[in-house]
2 protein chains.
Amino acid sequence: MQIDSINIAQTASAATIIYEALKKAIIEGQLADGAPLRQDEIAKMFNTSRIPVREAITMLEQQGLVVTQRYKGAVVAGISPDEAAEIWDFRALVEGHVIEAAVPRMSDETLELARSYLTAFSEGATPMDWGDQNRKFHTILYRDSGLFYHLGVIEKTLDRVDRYLRAQLALSNGLARANREHEAILAACERRDATRAAELTRLHILGAKTNLLDNLRKR
Amino acid sequence: MQIDSINIAQTASAATIIYEALKKAIIEGQLADGAPLRQDEIAKMFNTSRIPVREAITMLEQQGLVVTQRYKGAVVAGISPDEAAEIWDFRALVEGHVIEAAVPRMSDETLELARSYLTAFSEGATPMDWGDQNRKFHTILYRDSGLFYHLGVIEKTLDRVDRYLRAQLALSNGLARANREHEAILAACERRDATRAAELTRLHILGAKTNLLDNLRKR
DNA sequence: TGCTTGCATATTGTATCCAATATTCGATAT
DNA sequence: ATATCGAATATTGGATACAATATGCAAGCA
């Protein structure tokens with residue numbers, strides 16, 4: 001006898017659980033740039049030994065979310081204005097390509113979901129809401145491309161800059177413009193204009209880049 | 001007193017050494033698709049305990065070079081024709097963009113280096129030679145872009161598919177065409193025609209994709 | 001005071017040991 | 001013969017213990 005469903009729900013390893021939790025904390029900005037990740041401290045928080053903690057930190061390092069130095073430990077990786085600029089350029093390139101591939105294959109359900117995220121975004125009250133709904137809105141528009149490698153790279157890139165994206169949205173002119181541009185992108189998708197959707201996505205990202213850089217350099 | 005040079009040569013951790021060695025073995029194809037990575041076995045090879053081995057495997061998993069299952073271990077990650085096709089598309093997109101950014105900033109030394117790699121490629125005798133020189137040739141042309149995030153993503157992508165790239169070059173029509181196309185790309189760089197260099201790079205990669213897919217599907 | 005030196009403490013890196021799970025293989029029943 | 005069960009073995013996941021290195025601090029000295 002074979003009952004697959006029983007084996008499907010694999011309990012995650014402690015290392016994975018710790019990794020997800022730390023990643024969330026970094027992405028959401030609860031751990032600020034440069035904040036140290038002490039193995040002992042984290043191990044106590046999760047009631048484990050340091051071994052799974054170390055594996056979690058190793059994963060984070062591979063993702064570029066922390067930087068470690070031998071015998072000195074890991075700290076949350078920051079981002080310089082130059083890096084930020086480059087990453088936004090990268091996003092424009094890849095996300096533009098992916099949405100262009102996705103539009104012809106985009107289902108009505110996807111469009112409806114996107115619309116609901118757009119609404120939730122405009123009704124959001126906190127930077128966390130804006131960030132979450134913004135990300136949901138964009139990634140749902142990419143999903144139907146079926147380009148899993150691209151999607152994975154985009155996810156990792158967004159993880160890397162999520163904090164800064166949120167900060168950018170919270171700027172004075174961030175929200176209103178994002179809303180306007182989201183509306184235009186979704187409209188292009190709805191009328192199946194892949195080229196225009198891609199163009200608008202690129203402009204949306206590059207505009208956010210300018211906005212963010214003005215702010216980063218100001219500090 | 002400050003003597004920097006003494007502290008520069010950091011001895012790498014065992015985990016890092018093992019990671020580099022395993023990565024090399026996977027990239028070079030010494031460990032074939034699906035080959036299991038036994039922690040005990042590897043630990044003995046490096047005269048260490050399994051702890052650094054596990055961290056090395058964790059790194060490889062994050063890179064997508066191995067796939068692990070809880071309590072079952074890690075095996076070298078293969079690649080399906082669909083994934084291969086997508087990754088070659090991704091390469092065309094990103095590498096085309098990066099070389100376009102690099103050409104205006106490309107130094108004469110870079111061009112000379114590229115020429116030397118091109119020569120070494122054409123004179124190579126084994127798939128390993130071809131693969132190495134091919135990769136050197138391409139990446140040197142990207143370097144002067146200064147787009148470090150893009151460069152990092154490209155490196156990881158090439159690591160992921162290095163084995164298949166090598167196999168593609170070794171196909172009957174692989175070498176001669178690669179040589180011809182490399183020559184054309186380099187010529188465009190030398191006359192500072194960024195647009196053309198980018199276009200040729202994209203065509204070069206997409207052509208290789210077709211060649212590879214024909215071969216993958218045949219098996 | 002300002003600087004070095006050496007020790008105590010803190011932190012990370014690794015080895016060893018135990019626990020949890022998977023796999024193999026033989027015995028048994030049908 | 002084939003299928004099923006269960007114990008023995010193999011393998012991975014994690015806890016504890018120890019080693020290597022970094023950091024902070026206080027004593028000593030100019």
Side-chain angles (χ1 to χ4, degrees), chain A residues 1-23 25-26 31-32 34-63 65-77, chain B residues 1-23 25-26 31-32 34-63 65-77:
Chain A
M1 188 173 63
Q2 259 321 56
I3 301 182
D4 287 341
S5 59
I6 289 179
N7 290 326
I8 283 177
Q10 296 264 2
T11 63
S13 66
T16 305
I17 292 170
I18 295 170
Y19 163 68
E20 296 291 349
L22 290 178
K23 186 168 95 168
I26 293 173
L31 286 168
L37 276 67
R38 298 275 166 240
Q39 297 176 5
D40 240 334
E41 186 184 343
I42 296 166
K44 275 171 192 154
M45 287 167 64
F46 288 90
N47 276 313
T48 68
S49 74
R50 281 165 43 225
I51 300 291
V53 174
R54 291 177 52 92
E55 289 189 20
I57 289 175
T58 300
M59 295 186 220
L60 292 171
E61 180 170 29
Q62 293 296 314
Q63 304 282 344
L65 291 175
V66 306
V67 176
T68 72
Q69 272 187 295
R70 192 165 154 81
Y71 294 119
K72 290 178 115 183
V75 299
V76 177
Chain B
M1 190 172 64
Q2 258 320 54
I3 301 183
D4 287 342
S5 60
I6 288 178
N7 289 326
I8 284 176
Q10 297 263 2
T11 64
S13 67
T16 305
I17 292 171
I18 295 170
Y19 163 67
E20 295 290 348
L22 290 177
K23 186 169 93 169
I26 293 172
L31 286 168
L37 276 66
R38 297 275 166 242
Q39 298 175 7
D40 241 334
E41 188 183 343
I42 296 166
K44 275 171 193 153
M45 288 167 63
F46 289 90
N47 276 311
T48 68
S49 74
R50 281 166 41 223
I51 301 292
V53 173
R54 293 180 43 162
E55 289 188 18
I57 290 176
T58 300
M59 295 185 219
L60 292 170
E61 181 169 29
Q62 292 296 314
Q63 304 284 342
L65 291 174
V66 307
V67 176
T68 72
Q69 272 187 297
R70 191 165 156 80
Y71 294 118
K72 291 179 119 182
V75 299
V76 177

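Given the structure is predicted, the values throughout are model-derived calculations rather than measurements. The figures here come from the full heavy-atom set of this structure, side chains too, leaving out hydrogens, waters and symmetry mates.
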Does any non-hydrogen side-chain atom of Gln69(A) lie less than 4.5 Å from one of Val75(A)?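 They are not in side-chain contact.
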How many angstroms lie between atom [atom1] of [X] and atom [atom2] of [Y], to the nearest 0.5 angstrom?
X        : Y        : atom1 : atom2 : value
Glu55(B) : Ile57(A) : CD    : CD1   : 9.5 Å
Leu22(A) : Leu60(A) : CG    : CG    : 5.5 Å
Leu37(A) : Gln39(A) : CG    : CD    : 9.5 Å

Value in whole Å for how far the P atom of dT12(C) lies from CD of Gln69(A):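 Spelled out: CD on Gln69(A) to P on dT12(C) is 12 Å.
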I need the CD-P distance between Glu61(B) and dT12(D), as an integer number of Å.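 Spelled out: CD on Glu61(B) to P on dT12(D) is 13 Å.
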Identified side-chain hydrogen bond (donor to acceptor under 3.5 Å, both in side chains) partner of Gln62(A) from the options Gln63(B), Glu61(B), Gln62(B):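 Testing each of Gln63(B), Glu61(B), Gln62(B) against Gln62(A), the sole residue satisfying side-chain hydrogen bond (donor to acceptor under 3.5 Å, both in side chains) is Gln63(B).
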Considering only side-chain heavy atoms of Arg38(A), which listed nucleotide, dT12(C), dT23(D), dT21(C), is closest?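 The answer is dT12(C).
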So Leu37(A), base contact, sugar-phosphate only, or nothing? Heavy-atom distance under 4.0 Å.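 Result for Leu37(A) = sugar-phosphate.
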Any side-chain N or O of Lys72(A) below 4.0 angstrom from OP1/OP2 of dT23(D)?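 Indeed, a polar side-chain atom of Lys72(A) lies that close.
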Which residues satisfy the side chain to side chain contact (heavy atoms under 4.5 Å, CB included) test with Glu20(B), sequence neighbours excluded?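 If we apply the side chain to side chain contact (heavy atoms under 4.5 Å, CB included) test to Glu20(B), skipping adjacent residues, the hits are Thr16(B), Lys23(B).
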Please list residues of residues 39-58 of chain B whose heavy atoms come under 4.0 Å from any atom in DNA chain C, ordered by number; otherwise none.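 Asn47(B), Thr48(B), Ser49(B), Ile51(B), Pro52(B), in order of number.
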